[in-house]
Amino acid sequence: MFPQKAATFNVTMRFYGKAKKASQPMSHNKNLGLEEKQVFDAKKFVENSLKEIRNIVGDCKVISACSGGVDSTVTTVLVHKAVGDKLVAVFIDDGLRREGEPEFVVKTLKSLGIKTRYVDAKAEFFAAFKGKTDAEEKRKAFRDKFYKTLGKVAKEEQIGFIAQGTIKADVIETVGGIKSQHNVLEQIGINPEIYGYKILEPLCELFKPEVRMVARELGLPAEISERMPFPGPALSLRVLGEVTSEKVDIVRKATQIVEEETKKFGTFQNFAVLHNDKATGIKNGKRVYGNIITVRIVDSTDAVTAKAHQVPYDVLRRISERITGEIPSVVRCLYDITDKPPATIEFE
Ligand code: XMP
């Protein structure tokens, strides 16, 4: 049923050359034994990846799970370049995306000439989160639902491979036990064939700055190549405690406000988190026990460490006024000033 070749990509080191421009990012991958002065060569990476993908995939069909983030979009475009219409991009609508995201992703993929399927799995994902409050349990519920949903599409499309945008940091954090990223399976001993397919991870030796270089090399618009990172399990990580569609609506609206007010910052990640606890406040002259939102804005290059951004106070005030004014249930808005470490970027 499956092709015998393993879908591994250990080819990154072939894509490095001597530094020509100081502005090119260095590799962070100490394990590759690269000399300090070596830099990533995105052009070479693309050329070699195309060959490698064609070689691994053979005559099989591939689906690419594309959330619209830079990693999964670069993966999708790369595989499409390699195998053309043998690829179908799949956008799973888990009900956890940012405002307008599903429409944006489907439109972008179609505009790139990629066959695209939209899968509405919102109800199934919310059912999977029912009663789950522990961060890791929630992540595992997401992962399981994600792969089962893809498994159904895989069966319908009769594919051999699923391409996904796993990058080095995902693997390091999962293998290191920091958190189980939803897209890391084989590296922690889960055989993806239980879901009915093999996995193709062309970016799994790259870090975010190199993925962005590949995006630029592929000619993707800045809207994609410079996109703010967004976690696979999406807003489920930003609803503390049990994830429900009502809570996701609150954090989605708060996220939209934070993003609108901080668009010009150029910071690494800007978002809102909905707490599980409630706090006392006053709305329309009445005492209410309402929701708490924390705003998190961080500077980072690779997400491995991060600094809380020094946001001008008037911007923080405006965010707080808008969040408490435009979202009826929210009575309190906080700003997180903790760096990573000791905190992580996300709250879960
Ligand atoms: P943390 O919270 O560990 O996040 O400092 C580091 C970076 O990874 C993103 N992140 C995830 N991405 N699946 C993902 O695809 C996940 O489970 C996950 N958890 C965190 C986070 O947004 C940040 O960019």
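Numbering of ligands and ligand atoms starts at 1, following listing order. Just the heavy atoms: all of them, side chains too, but no hydrogens, waters or symmetry mates, feed the values below. We number each residue from 1, following the sequence as shown.
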Does ligand 1 come near enough to [X] that some N or O of the ligand is less than 3.5 Å from an N or O of the residue?
X      : result
Glu346 : yes
Gln269 : yes
Gly232 : yes

For Lys340, take its heavy atoms, then give the atoms of ligand 1 lying under 4.0 Å from any of them.
-> 1 (P), 3 (O), 5 (O), 6 (C)
Under 3.5 Å, is there a donor-acceptor pair between the Ser329 and Asn291 side chains?
-> yes
Distance only, no hydrogens: is a donor on one side chain within 3.5 Å (strictly under) of an acceptor on the other, for Tyr147 and Gln164?
->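 Judged by distance alone, the side chains do pair up.
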Who's closest to atom 9 (C) of ligand 1 heavy-atom-wise, of Ala303, Ser300, Pro231?
->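 When every heavy atom of Ala303, Ser300, Pro231 is considered, Pro231 comes closest to atom 9 (C) of ligand 1.
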Shared hydrophobic cluster, Leu334 / Val330 (ILVMFWY, side-chain heavy atoms < 4.5 Å) = no
Is the cationic atom of Arg98 (NZ for Lys, CZ for Arg) positioned less than 6.0 Å from the six-membered ring centroid of Phe230 and within 45 degrees of its normal?
->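 Yes, Arg98 and Phe230 form such a contact.
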Within less than 4.0 angstrom of ligand 1, does Leu237 place any heavy atom?
->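 For ligand 1, residue contact (heavy atoms, under 4.0 Å) with Leu237 is present.
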State, to 0.1 Å, how close Ile345 and Phe271 come at their nearest heavy-atom pair, and which atoms those are.
-> O-CZ, 3.4 Å
